[in-house]
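Take a look at the structure below.
Since we're looking at a predicted model, the values are computed, not measured. Residue numbers start at 1 and run along the sequence shown.
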Amino acid sequence: MERPTNRRRFLAAAVAGTTAGLAGCSVQPPIDEDAATSDPTQAATELPDTVDLETLATGLEMPVSIAFTPDADRRYIAQRRGRILVHESAETRDEPLLDLSEAVMTGGERGLLGIALHPEFSEDRRLFVRYSAEPRSGTPSDYSHTFVLAEFQVSEDGRRAEPASERAVLEIPQPRERHNAGDLAFGPNGHLYVPVGDSAAAPDLAWQGPGTGGYAQDVTENLLGSVLRIDVDDRAEGEGYSVPVDNPLVGREGLDEHYAWGFRNPWRLSFDGSDLYVADVGKDHFEEVNLVERGGNYGWNVKEGTHCFQVDDCPDETPENVRGGEPLLDPIVEYSHSGGSVSGVTVIGGYVYRGSTLSELDGVYVFGDLQPEGRLFAATRPENDDGLWPINTIEVAGGEESLQQILSFGRDTGGELYVLRYDGGGLFRVVPAS
């Protein structure tokens, strides 16, 4: 298989096996090469120049998500086509934890896209799974599929989850097969955070004038282009969840599940303490990572990163009649698709490193790009905690041959970092270079 070489093909091989990618594409004006992006020259100098990737598993088919059990040396690896594998004792078991191949709809960017373990997994054995399904009841006939968030019970030995144990938590009609996001993460408050892409559809305008909003700015009619926050432990009557009472739109105009909005395709997210990092895949010019706050509006499709989207001049806040003129918040990390020492095609969100084997990375947000060219990215919080964070690149031993395409990252209970790689279909642990 040849490696994708341009934006219109970049996920054709890596995730979907079709002509679609994590982010759509359109013709836009040339990039302003003088536009501000995260400045690597200001990054911390004590970071390692090179790291290595320790091979833990190979032969995986499009591994997109990983969960680490808290009570055993065991990992669950989700493959896009519907199988969740068990990796333990340095081996991948032949029998999967769960096989949803018959239920999962693929094509485009659809598939089994994310998994997460309940914070009390050692006691309650609850596994949460995110996948694309055939249109279900309530999904309009011209829509692509239904987004399904479901819960499964895992056996006491941690090696099997019965398909019959499935309990639907949340279902969202998806207009198109693209921009599905797909990740899941429990926050420190025990609530489940669910990123949802804008589905690459063309909705009615959320407002008129420069920068017209779109699905990601419409919090009253749909849950697209947002990060949702739900309580899966306190179920409302007839529902698979309840809404935390301090969600920002509770008691206001809008759908209560919203926690933050203004996203295009928030493919991966992660927590470090109470900090929520959301990597949002850009369109044609810029990639971004946001440090998300409750009720924050992150600008799409009025802005792409810190820049106007398809207009010469864009607002820094919504109109007064749209939630009182709320600000459009800038990302903490931004890089372009061309030029500069840091560039790429699709941001793959990572984690703040909290392990012990690479002490130089402690507190650093480590992430990557779908086409990493043998490198990882490291973003360091500036001392003034303001503006764009500087980025360093960290070479991977073996260069581009060792790391050609990244699909996802993981962090274990000890804070160590893992890479899920398409090339070679593998799981790798980030370790010091020898």
Side-chain angles (χ1 to χ4, degrees), residues 1 3 14 40-69 72-77 85-93 268 270 272 277 279 333 335 341-344 347-381 389-434:
M1 175 182 289
R3 179 183 174 201
T41 65
Q42 299 300 315
T45 58
E46 67 272 12
L47 300 179
D49 295 324
T50 306
V51 296
D52 208 344
L53 296 181
E54 177 187 2
T55 303
L56 300 182
T58 57
L60 308 178
E61 183 183 5
M62 299 182 189
V64 295
S65 187
I66 186 169
F68 299 85
T69 64
D73 182 20
R74 181 180 298 121
R75 291 147 290 280
Y76 300 142
I77 304 169
L85 307 180
V86 179
H87 183 268
E88 61 182 5
S89 302
E91 294 183 349
T92 304
R93 291 176 56 85
R268 303 288 92 170
S270 65
D272 180 55
Y277 293 82
V333 166
Y335 63 92
S341 60
V342 176
S343 63
V347 64
I348 305 295
Y351 291 80
V352 173
Y353 182 80
R354 294 297 182 188
S356 59
T357 62
L358 286 159
S359 58
E360 309 100 307
L361 290 177
D362 184 52
V364 175
Y365 180 72
V366 181
F367 65 110
D369 191 86
L370 176 69
Q371 295 184 2
E373 300 180 345
R375 306 175 301 172
L376 300 177
F377 296 158
T380 308
R381 188 190 296 261
W389 294 17
I391 307 174
N392 267 10
T393 59
I394 301 176
E395 299 293 324
V396 171
E400 190 168 341
E401 292 302 313
S402 295
L403 189 62
Q404 297 181 18
Q405 291 178 330
I406 300 173
L407 295 181
S408 192
F409 287 86
R411 188 179 68 179
D412 66 19
T413 56
E416 299 297 340
L417 190 67
Y418 297 73
V419 176
L420 292 169
R421 204 175 76 181
Y422 175 70
D423 47 303
L427 170 65
F428 304 85
R429 181 163 44 214
V430 181
V431 296
S434 57

Output for pair (Ser434 OG, Glu54 CD), nearest 0.5 Å, gives 11.0 Å

Exercise. Taking Thr50 for the side chain and Ala397 for the main chain, is one N or O donor matched with an acceptor at less than 3.5 Å?
Worked result: no

Report task. Over 60° means perpendicular and under 30° means parallel, so classify the ring planes of Phe68 and Tyr418, tilted if in between. Result -> tilted

Handout entry: Close side-chain approach of Leu376 and Phe409, heavy atoms under 4.5 Å
Key = yes

Review point. Between Thr69 (side chain) and Arg74 (backbone), is there a donor-acceptor pair under 3.5 Å?
Key: yes

In terms of heavy-atom contacts, Arg421 and Leu53 come closest through NH1-CD1, 4.4 Å

In this structure, CD of Gln404 is separated from CD of Glu373 (nearest 0.5 Å) by 10.5 Å

Requested in this report: Using modelled atom types only, decide if a donor and an acceptor are shared between the side chain of Glu61 and the backbone of Gly425 within a distance under 3.5 Å.
Outcome: no

Quiz item: Using 4.0 Å as the upper bound for N to carboxylate O, is an ion pair formed by Arg411 and Asp272?
Solution: yes

Checking Val86, Asp412, Leu427 against Arg75 for side chain to side chain contact (heavy atoms under 4.5 Å, CB included), the one that qualifies is Leu427

Checking Val347, Ile406, Ile348 against Phe367 for side chain to side chain contact (heavy atoms under 4.5 Å, CB included), the one that qualifies is Val347

Value for CG (Leu361) from CD (Glu46), rounded to nearest 0.5 Å, stands at 9.5 Å

His87 and Ile77 have their tightest heavy-atom pair at CB-CD1, 4.0 Å

Spell out, as yes or no, whether a donor-acceptor pair under 3.5 Å connects the side chain of Thr380 to the backbone of Pro390. no

One should read off an interatomic distance between Leu56 CG and Arg429 CZ, to the nearest 0.5 angstrom, of 5.0 Å

The reported gap from CZ in Arg375 to CD1 in Ile394 (rounded to nearest 0.5 angstrom) is 11.5 Å

